[in-house]
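What follows is a single structure, written as structure tokens, with notes after it.
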Amino acid sequence: MKDYYKFESSNYVNYGIVNSPKLGESSIMQGRYIDPEKLPELVFEHSFPTGEAIPHFLTGGTVLASKRLIDVISNIGVDNYQAFPVVLINTESREVRKDYYLFNVLGLLSATDTDSSKYDEIMKGDGELPLVAFKEMVIDSKKIHGQKMFRLAEEPISLIVDQDIVAALKTNKPDEGWGVVVEEIDVV
């Protein structure tokens, strides 16, 4: 049985994306295909200091990933995502970067073992899954269907990756690091 991890951006208190376009109905937390024709101009302003490394995975209102991170996961066969080029502009120096992408993971999986997990229910699910905030997450291996990367239907903000992705990121780690946190999840 494979190991799975919750994949998150590192918490930056002082720096981050400070201005982003409104995506409207093109939410990347829904796991659905986004029509590129319906996206606005993808220009994001950030406050990371000039000359310092920007994390390769940025969250908070949207999800951005560097070309380097996308190349690593693509090279091991992960293909259930869309990547749309964005422009990153430093608010102070006005430096422009074009090596980041709006990152949309396709597919939501209801993959948790809710009996073994501990969570707070945020919203009832009208006969469907409730929306929850996990305190302790347990994944049911029978519900994953071999996916290497997916969002949880019960908590769409959670991006889950398998051990192959984590190993590839460790092997290809840039000098500045990826700027991500991976937390192993119990799997039954």
Side-chain angles (χ1 to χ4, degrees), residues 5-109 122-123 131 133 147-162 165-166 168-169 172-182:
Y5 300 82
K6 188 173 181 180
F7 188 87
E8 302 176 288
S9 63
S10 297
N11 292 327
Y12 286 88
V13 177
N14 297 324
Y15 310 115
I17 300 298
V18 295
N19 193 16
S20 59
K22 303 288 184 238
L23 298 180
E25 295 180 20
S26 301
S27 171
I28 59 163
M29 296 298 170
Q30 297 172 338
R32 287 185 247 164
Y33 172 83
I34 294 175
D35 181 350
E37 299 296 319
K38 294 184 177 177
L39 287 172
E41 184 179 16
L42 297 174
V43 177
F44 294 80
E45 292 183 330
H46 71 87
S47 62
F48 292 97
T50 301
E52 284 193 30
I54 298 176
H56 291 267
F57 188 72
L58 298 165
T59 60
T62 194
V63 178
L64 302 180
S66 71
K67 178 178 181 344
R68 187 168 182 173
L69 186 136
I70 291 171
D71 287 347
V72 169
I73 65 171
S74 180
N75 287 339
I76 63 165
V78 176
D79 62 2
N80 63 321
Y81 66 87
Q82 291 177 282
F84 304 98
V86 304
V87 174
L88 276 182
I89 300 174
N90 182 296
T91 55
E92 204 170 285
S93 70
R94 305 311 292 170
E95 173 192 38
V96 173
R97 294 187 60 165
K98 295 184 177 182
D99 55 341
Y100 279 76
Y101 293 80
L102 178 66
F103 190 66
N104 181 35
V105 175
L106 299 171
L108 289 178
L109 288 183
I122 297 171
M123 187 183 328
L131 185 62
Q147 289 290 322
K148 291 183 174 293
M149 176 177 69
F150 57 91
R151 289 200 177 282
L152 282 177
E154 300 89 339
E155 186 183 61
I157 198 166
S158 291
L159 179 59
I160 309 299
V161 299
D162 75 355
I165 291 175
V166 172
L169 291 172
N172 295 284
K173 182 179 174 186
D175 292 341
E176 70 277 9
W178 290 109
V180 300
V181 175
V182 291

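All values reported here derive from a predicted model rather than from experimental measurement.
- Taking OH of Y5 as the start and CD1 of I165 as the end, the distance is 11.5 Å to the nearest 0.5 Å.
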Q: Output, in order, the C-alpha distance, side-chain angles, deciding distance and verdict of side-chain hydrogen bond (donor to acceptor under 3.5 Å, both in side chains) for S27 and Q30.
A: CA-CA 6 Å; S27 171; Q30 297 172 338; 4.5 Å; no

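- Between I70 atom CD1 and F103 atom CZ the span is 5.5 Å, to the nearest 0.5 Å.
- Rounding to the nearest 0.5 Å gives a distance of 12.0 Å between CG of L42 and OH of Y101.
- In this structure, W178 and H56 have perpendicular ring planes: the angle between them is above 60°, well past the 30° mark.
- With sequence neighbours left out, R32 forms a salt bridge (charged side-chain N to carboxylate O under 4.0 Å, His left out) with no residue at all.
- Listed by first and then second residue, the side-chain hydrogen bond (donor to acceptor under 3.5 Å, both in side chains) pairs that reach into residues 39-48 are N19-E45, E45-R94, sequence neighbours excluded.
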Q.
Walk me through whether I54 and Y100 qualify under side chain to side chain contact (heavy atoms under 4.5 Å, CB included).
A. CA-CA 10 Å; I54 298 176; Y100 279 76; 3.6 Å; yes

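- I160 CD1 to F7 CZ: the interatomic distance, rounded to the nearest 0.5 Å, is 11.0 Å.
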Side-chain donor-acceptor pairs under 3.5 Å in residues 72-88, sequence neighbours left out?
{"unit_1": "N75", "atom_1": "ND2", "unit_2": "D71", "atom_2": "O", "d": "3.1"}
{"unit_1": "N80", "atom_1": "ND2", "unit_2": "L106", "atom_2": "O", "d": "3.3"}
{"unit_1": "N80", "atom_1": "ND2", "unit_2": "Q147", "atom_2": "OE1", "d": "3.2"}
{"unit_1": "N80", "atom_1": "ND2", "unit_2": "M149", "atom_2": "O", "d": "2.7"}
{"unit_1": "Q82", "atom_1": "OE1", "unit_2": "I34", "atom_2": "N", "d": "2.8"}
{"unit_1": "Q82", "atom_1": "OE1", "unit_2": "N104", "atom_2": "ND2", "d": "2.8"}
{"unit_1": "Q82", "atom_1": "NE2", "unit_2": "I34", "atom_2": "O", "d": "2.9"}

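- K67 has no carboxylate O lying under 4.0 Å from a charged side-chain N of D99, or vice versa, which leaves the two without a salt bridge.
- Here the closest non-hydrogen pair linking N90 and S93 is OD1-N, 2.9 Å.
- Proximity of T91 to V18: side-chain heavy atoms (C-beta onward) are separated by under 4.5 Å at one or more points.
- Not a single donor-acceptor pair under 3.5 Å links the side chain of S9 to the backbone N or O of L58.
- The neighbour count for E92 CD, taken as heavy atoms of other residues, nucleotides or ligands under 6.0 Å away, does not exceed 12.
- At least one side-chain heavy atom of V63 sits less than 4.5 Å from a side-chain heavy atom of R151.
- Side-chain contact between L152 and S158 is present, with heavy atoms from C-beta onward closer than 4.5 Å.
- Closest heavy-atom contact between K22 and P40: O-CG, 3.3 Å.
- In this structure, the separation between CD1 on I157 and NZ on K6 is 8.0 Å, given to the nearest 0.5 Å.
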Q. Stepwise, does the side chain to side chain contact (heavy atoms under 4.5 Å, CB included) test hold for V161 with F150?
A. CA-CA 7 Å; V161 299; F150 57 91; over 6 Å; no

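- A distance of 6.0 Å separates CG in L102 from CG in L23, rounded to the nearest 0.5 Å.
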